[in-house]
Amino acid sequence: MVPAEVPDAEAEPDGLEDRLRRFVTIWSRAIFPATATSLTRPEFEQHLLPLARSLRDALHDRIFDATPAHGVGAALVGAHCTDPDALARSLGVVDAYLVLYCGEAADPAGELAADELRARCARLQATFAAGFAQALRERTLAEQEAIARSALAARGAAEDALHATEARFRAVFEGAAIGIGIADLDGRVLEVNDTLTRMFGGLEHHVRSRNVSEWVHPDDAPQVWGMYKELIRGERDNFRTEKPFFRNDGTVLWTNLTVSLLRDVDGVPQYQLALLEDTTERRLLTLRLRYEATHDALTGLPNRTLFFERLEKALAPARETPKDAAKDGTRDEANSGTKEAGSTSAPRPAARFGLCYLDLDGFKAINDSLGHSAGDRMLVEVADRLQSCATAPGEMVARLGGDEFVALTTGPDTQREVGELAARILGALATPISLDGREFTVRGSIGIVEGKAGESTAAEVLRSADITMYRAKSAGGNRFEHADAEADARAITRHGLTTSLPTALERGEFFIEYQPLVHLADGTVHGAEALVRWSHPTHGVLGPDRFIPLAEHTGLIVPLGRWVLEQSVLQARAWQEELAAGTFAGPVRINVNLSPAQLHHPGLVSDTVEVLERIGLPPGSLCLEVTESALIGADEDLLKPLRQLAEMGVDIALDDFGTGYSNLANLRRLPVSVLKLDRSFTQGMQQHPADPVDLKIVEGIVSLAHGLELGVTVEGVETGAQAEHLRRLGCDTAQGWYYARPGPPEMLHTLSMADAV
């Protein structure tokens with residue numbers, strides 16, 4: 001119950017301690033009328049101040065712990081706030097004003113979201129109520145059990161003392177806030193108070209006429225009736241437990257039960273005294289809070305928290321009972337069909353699991369086009385369809401967040417079942433979903449992981465499923481893929497390389513090797529192509545195929561490409577200086593590769609000009625290589641930077657020519673001066689006689705290129721026969737292992753001097 005008084009927002013104090021005192025003032029006004037205390041209200045406020053401070057501190061603890069609220073609830077009982085209305089009013093004040101007045105103190109840096117503060121506040125309320133109830137129960141039990149013992153032990157005393165004692169006992173017995181019942185050692189109920197009668201439905205004869213042994217419930221703890229038999233035999237004086245009972249209407253009453261043995265003056269057992277506290281509402285509140293904490297608010301599916309609990313159970317090769325497996329609301333897959341109900345010690349047979357990790361394809365387009373409300377409705381529909389796919393024992397579906405879902409299956413035959421589950425999911429998604437009068441076909445990509453329990457952790461399984469899901473998505477989506485250890489390892493390696501790329505450039509882990517380009521007519525060195533390498537501290541030397549795609553994906557290709565350009569131009573300038581000094585016979589030209597991402601970078605021209613001018617290399621000594629596929633369908637905006645560089649004198653080479661299926665007529669509009677013929681066209685020329693088809697194709701390309709005044713360079717020359725064929729066909733330059741593998745710049749000294757001799 002929230003107090004009727006609403007604080008004036010304009011009069012709210014700014015100081016944190018003042019806000020706390022304002023909260024205490026509201027609290028004391030709410031519960032002081034229901035408090036049986038000799039304190040004045042100001043004195044009572046001073047008593048509440050440390051309790052409020054304890055709640056505030058618990059609210060903003062870095063590692064949240066609701067335990068202090070338990071002590072606050074107990075402290076209220078200690079201050080004689082035992083009226084149930086005092087608890088209700090206190091919980092109302094905490095719910096309405098704790099976050100309002102103490103939220104700023106709880107989170108001055110704004111690190112906690114409002115939802116997190118409200119969730120913590122709810123936990124504090126539940127613990128507060130539990131502490132209040134426990135303290136009240138213990139106080140009442142202590143008082144009333146002592147009175148009950150005294151009343152039964154005093155029956156042999158004088159009539160007047162007996163009358164007085166019975167009167168006191170009857171007052172306590174009838175007015176107690178908890179249920180009290182007395183039974184003989186055979187279990188026949190002799191006396192019950194009104195509270196106990198109301199707890200069981202209001203009909204006294206339905207309680208008094210029963211035997212204690214009739215109150216068996218399926219959810220009784222296994223040791224309850226064993227302790228009861230020990231008490232009847234006199235082997236123990238009391239026991240406490242949480243026990244459910246069936247009411248007359250079939251509903252369940254949950255209680256904290258304390259049963260004590262009453263003995264006569266000689267110590268012989270005579271009666272049993274039962275004290276019952278109704279905890280049904282508190283249990284329902286706990287279950288509701290547990291449900292909200294473990295289920296997705298939008299779809300009602302289990303959330304990430306509950307899924308990980310369930311997955312960890314499935315992965316643990318432990319012994320588990322059917323009841324334990326079902327406590328979280330999922331099906332008892334571990335023992336389904338293998339053990340009789342009630343078994344408590346059999347290990348799970350054939351402990352295996354199967355996991356489907358689903359991500360919807362193109363879901364962002366739904367949110368962007370129709371709005372998040374329509375996207376939420378689609379997610380709800382998808383969740384319903386997924387849940388209809390996982391109805392067998394051992395199957396569950398959860399939402400991890402966004403448009404990501406997981407389906408889990410366990411049992412002895414998950415190798416077959418998980419594939420069938422994935423197929424059912426894709427089939428269920430195939431039916432179009434109607435939103436705002438339009439139909440949308442939902443597609444999804446699924447990564448499947450299946451295996452034995454105990455071999456992997458939950459985090460490892462989910463990571464593998466995530467990697468596999470993205471592999472299915474990259475293959476076109478609307479499909480499922482099974483996890484592959486080697487593919488996972490490659491993906492993890494790619495991720496590691498991606499994360500270490502930025503610092504690798506700063507640490508100087510990249511270096512450049514140079515491969516010579518040779519004139520086919522006379523075998524002299526014409527130039528060299530700069531090829532970047534990564535000296536990785538763990539994986540060794542990596543070629544560009546291992547990290548250039550990652551650099552393009554992360555955007556690091558632009559600074560990396562600029563570094564390669566600068567280092568290559570510096571080397572070309574050094575060669576020119578050595579050539580002028582007579583210590584080097586060539587080359588003086590350098591070829592540098594450009595990635596598609598660099599072509600779109602607005603600073604391509606300015607960066608290139610700045611590097612050339614600062615280092616002092618003529619533009620004609622630089623050739624930029626662009627792959628044919630990067631220029632297929634290129635518009636004038638993309639070609640403009642290349643035209644500007646070509647007009648400056650920089651050569652542009654069309655790399656991998658013949659692999660992009662471009663229209664040869666487009667060569668006229670491209671600002672290129674060199675065609676680099678892909679090695680696939682010359683494989684048939686490695687021996688004599690050469691493949692006549694390859695000869696005709698290359699002859700035609702060379703004729704076309706020369707007709708357009710373009711030079712022709714051939715890649716991948718590996719034999720002397722291949723070089724001879726290409727020379728006869730009129731190709732201009734070549735590179736390949738026949739001449740030299742990529743190496744340090746010093747290697748070209750030896751090659752060029754040999755040519756000079």
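Being a predicted model, the structure only gives us computed values, none of them experimental.
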Engineer: State, yes or no, whether a side-chain contact exists between F353 and V461 at a heavy-atom distance under 4.5 Å.
Structural biologist: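 A side-chain contact under 4.5 Å exists here.
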
Engineer: Decide yes or no for L287 and E292: does some side-chain heavy atom of the first lie under 4.5 Å from some side-chain heavy atom of the second?
Structural biologist: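 A side-chain contact is absent here, since even the closest heavy-atom pair is not under 4.5 Å.
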
Engineer: Looking just at side-chain N and O atoms, do N256 and E242 make a donor-acceptor pair shorter than 3.5 Å?
Structural biologist: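 E242 and N256 do not have a side-chain donor-acceptor pair below 3.5 Å.
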
Engineer: Check P244 against V252 and note the closest heavy-atom contact, atom names and distance.
Structural biologist: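 Distance-wise, the nearest heavy atoms are CB-CG1, 3.9 Å.
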
Engineer: Please report the closest heavy-atom contact between L196 and I180, naming both atoms and the distance.
Structural biologist: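 Residues L196 and I180, closest heavy atoms: CD2-O, 3.6 Å.
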
Engineer: Does this structure show an ion pair linking E309 with K313, if we count only N-O contacts that are shorter than 4.0 Å?
Structural biologist: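 No, this pair does not count.
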
Engineer: Is there a salt bridge (Lys or Arg N to Asp or Glu O under 4.0 Å) between R240 and E277 once you walk through the steps?
Structural biologist: CA-CA 11 Å; R240 294 184 180 183; E277 178 194 7; over 6 Å; no

Engineer: Could you tell me whether the side chain of Q46 and the main chain of E43 form a donor-acceptor pair under 3.5 Å?
Structural biologist: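 Between the backbone of E43 and the side chain of Q46 there is no qualifying donor-acceptor contact (under 3.5 Å).
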
Engineer: Would a 4.5 Å heavy-atom cut-off, applied to side chains only, mark V406 and V397 as touching?
Structural biologist: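 With C-beta onward as the side chain, the pair stays apart.
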
Engineer: Hey, does the side chain of R19 reach the backbone of Y101 with a donor-acceptor pair shorter than 3.5 angstrom?
Structural biologist: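 Side chain of R19 to backbone of Y101: a pair is present.
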
Engineer: Hey, does the side chain of D184 reach the backbone of D186 with a donor-acceptor pair shorter than 3.5 angstrom?
Structural biologist: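 Indeed, once roles are kept as given, a pair shorter than 3.5 Å links the two residues.
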
Engineer: One pair to check against salt bridge (Lys or Arg N to Asp or Glu O under 4.0 Å): R22 and D18. What are the steps and the verdict?
Structural biologist: CA-CA 6 Å; R22 180 58 177 157; D18 290 336; over 6 Å; no

Engineer: Would K229 and R233 satisfy side-chain contact (heavy atoms from CB on, under 4.5 Å), going step by step from the backbone distance to the final call?
Structural biologist: CA-CA 6 Å; K229 291 176 181 178; R233 293 195 299 264; 3.6 Å; yes

Engineer: Taking everything shown except R188 itself, do over 12 heavy atoms lie less than 6.0 Å from its CZ?
Structural biologist: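 At most 12 heavy atoms, drawn from other residues, nucleotides or ligands, come within 6.0 Å of this atom.
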
Engineer: Considering residues at least two apart in sequence or located in another chain, which fulfil the side-chain hydrogen bond (donor to acceptor under 3.5 Å, both in side chains) criterion with E17?
Structural biologist: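 For E17 the side-chain hydrogen bond (donor to acceptor under 3.5 Å, both in side chains) partners, ignoring immediate neighbours, are R53.
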
Engineer: Indicate yes or no: at least one non-hydrogen side-chain atom of L261 is less than 4.5 angstrom from one of R236.
Structural biologist: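 No. Closest side-chain heavy atoms not under 4.5 Å.
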
Engineer: So, does T197 use its side chain to make a donor-acceptor pair with the main chain of N193 at under 3.5 Å?
Structural biologist: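 Checking the backbone N and O of N193 against the side chain of T197, a donor-acceptor pair under 3.5 Å is found.
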
Engineer: Could you check if a side-chain atom of V212 sits within less than 4.5 angstrom of a side-chain atom of Y228, using non-hydrogen atoms only?
Structural biologist: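 Heavy-atom side-chain distance check passes, below 4.5 Å.
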
Engineer: Mind checking whether F200 and W215 have ring centres under 6.0 Å apart?
Structural biologist: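 Centroid distance F200-W215: below 6.0 Å, so yes.
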
Engineer: Heavy atoms only: give me the nearest W27-S90 pair and the separation to one decimal.
Structural biologist: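 Looking at all heavy atoms of both residues, the closest pair is NE1-OG, 3.0 Å.
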
Engineer: Give a yes or no answer on whether the side chain of D249 reaches the backbone of T251 with a donor-acceptor pair at less than 3.5 Å.
Structural biologist: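 A pair under 3.5 Å: yes.
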
Engineer: Measure from the ring center of F23 to the ring center of Y97 and say whether it is less than 6.0 Å.
Structural biologist: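 That pair fails the under 6.0 Å test.
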
Engineer: With distance as the sole test, does R399 use its side chain to make a donor-acceptor pair with the main-chain N or O of G402 at under 3.5 Å?
Structural biologist: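 Yes: the side chain of R399 pairs with the backbone of G402.
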
Engineer: The test is side-chain contact (heavy atoms from CB on, under 4.5 Å); show your working for C102 and L20 and say whether it passes.
Structural biologist: CA-CA 7 Å; C102 299; L20 181 67; 3.9 Å; yes

Engineer: Answer whether the closest heavy-atom distance between the side chains of L55 and V94 falls below 4.5 Å.
Structural biologist: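 Contact flag for L55/V94 side chains = yes.
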
Engineer: Please report the interatomic distance CZ(F405) to CG(L400), rounded to the nearest 0.5 Å.
Structural biologist: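 F405 CZ to L400 CG: 9.0 Å, rounded to 0.5 Å.
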
Engineer: Among residues at least two apart in sequence or on other chains, which ones pass salt bridge (charged side-chain N to carboxylate O under 4.0 Å, His left out) with D376?
Structural biologist: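 D376 satisfies salt bridge (charged side-chain N to carboxylate O under 4.0 Å, His left out) with no other residue.
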
Engineer: At their closest point, which heavy atom of A458 faces which heavy atom of E312, and how far apart are they?
Structural biologist: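 Between these two residues, the closest heavy atoms are CB-CG, 3.8 Å.
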
Engineer: Nearest 0.5 Å, please: how far is OH in Y271 from CG in L185?
Structural biologist: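 Going from CG on L185 over to OH on Y271, the span is 9.0 Å.
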
Engineer: R198: what forms a salt bridge (charged side-chain N to carboxylate O under 4.0 Å, His left out) with it, not counting sequence neighbours?
Structural biologist: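 For R198 there are no salt bridge (charged side-chain N to carboxylate O under 4.0 Å, His left out) partners, ignoring immediate neighbours.
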
Engineer: Is it the case that over 12 heavy atoms from other parts of the model lie below 6.0 angstrom from the CD atom of E281?
Structural biologist: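 Open.
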
Engineer: Would you name the heavy atoms of A66 and T127 that are closest together and state the gap between them?
Structural biologist: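 That would be O-CG2, 3.1 Å.
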
Engineer: Donor-acceptor check, side chain of T279 to backbone of R282, threshold 3.5 angstrom: yes or no?
Structural biologist: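 Checked: no pair found.
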
Engineer: Is a salt bridge present between D278 and R283, judged by a nitrogen-to-oxygen distance below 4.0 Å?
Structural biologist: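 No.
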
Engineer: Rounded to the nearest 0.5 Å, what's the gap from CG on L87 to SG on C81? Could you check?
Structural biologist: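 These two atoms lie 10.5 Å from each other.
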
Engineer: Would L379 and L298 satisfy side-chain contact (heavy atoms from CB on, under 4.5 Å), going step by step from the backbone distance to the final call?
Structural biologist: CA-CA 8 Å; L379 290 176; L298 176 65; 4.1 Å; yes

Engineer: Does any donor atom in the side chain of T299 or D296 lie under 3.5 Å from an acceptor atom in the other side chain?
Structural biologist: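 Side chains of T299 and D296: pair found under 3.5 Å.
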
Engineer: Under 3.5 Å, is there a donor on one side chain and an acceptor on the other for E45 and S28?
Structural biologist: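 Side chains of E45 and S28: pair found under 3.5 Å.
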
Engineer: Atom OG1 in T280, atom CG in L284: separation rounded to 0.5 Å?
Structural biologist: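 If we round to the nearest 0.5 Å, T280:OG1 and L284:CG are 6.5 Å apart.
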
Engineer: Under 4.0 Å between a Lys/Arg side-chain N and an Asp/Glu carboxylate O for R263 and D237?
Structural biologist: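 Looking at R263 and D237, the cut-off is met.
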
Engineer: Between F44 and I31, is there a side-chain heavy-atom distance shorter than 4.5 Å?
Structural biologist: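 Of all side-chain heavy-atom pairs linking F44 with I31, at least one is under 4.5 Å.
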
Engineer: May I ask you to test the H295-L306 pair for a side-chain heavy-atom distance under 4.5 Å?
Structural biologist: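 They are in contact (side-chain heavy atoms under 4.5 Å apart), so the answer is yes.
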
Engineer: I'd like to know if the side chain of R118 and the backbone of D95 have a donor-acceptor N/O pair within less than 3.5 Å.
Structural biologist: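 At least one qualifying donor-acceptor pair exists.
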
Engineer: Strictly distance-based, threshold 3.5 Å: is any side-chain N or O of D264 a donor or acceptor partner for the main-chain N or O of G267?
Structural biologist: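 Confirmed, D264 side chain pairs with G267 backbone.
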
Engineer: Look up atom CG in L124 and atom OG in S54, then write down how far apart they are to the nearest 0.5 Å.
Structural biologist: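 Taking CG in L124 and OG in S54, the distance rounds to 9.0 Å.
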
Engineer: Could you tell me whether a side-chain N or O of E460 sits under 3.5 Å from a main-chain N or O of T457, the two making a donor and an acceptor?
Structural biologist: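 Checking the backbone N and O of T457 against the side chain of E460, a donor-acceptor pair under 3.5 Å is found.
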
Engineer: As a quick check of understanding, evaluate ring-ring contact (aromatic ring centres under 6.0 Å, His included) for F245 and H217, giving each step before the final call.
Structural biologist: CA-CA 6 Å; F245 295 89; H217 192 279; 8.4 Å; no

Engineer: Measure across N367 and G375 and return the closest heavy-atom pair with its distance rounded to 0.1 Å.
Structural biologist: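 Smallest interatomic distance, heavy atoms only, reads OD1-CA, 3.4 Å.
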
Engineer: Supply the atom-to-atom distance L98 CG to I26 CD1, rounded to the nearest 0.5 angstrom.
Structural biologist: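 The CD1 atom of I26 is 11.0 Å from CG of L98, to the nearest 0.5 Å.
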
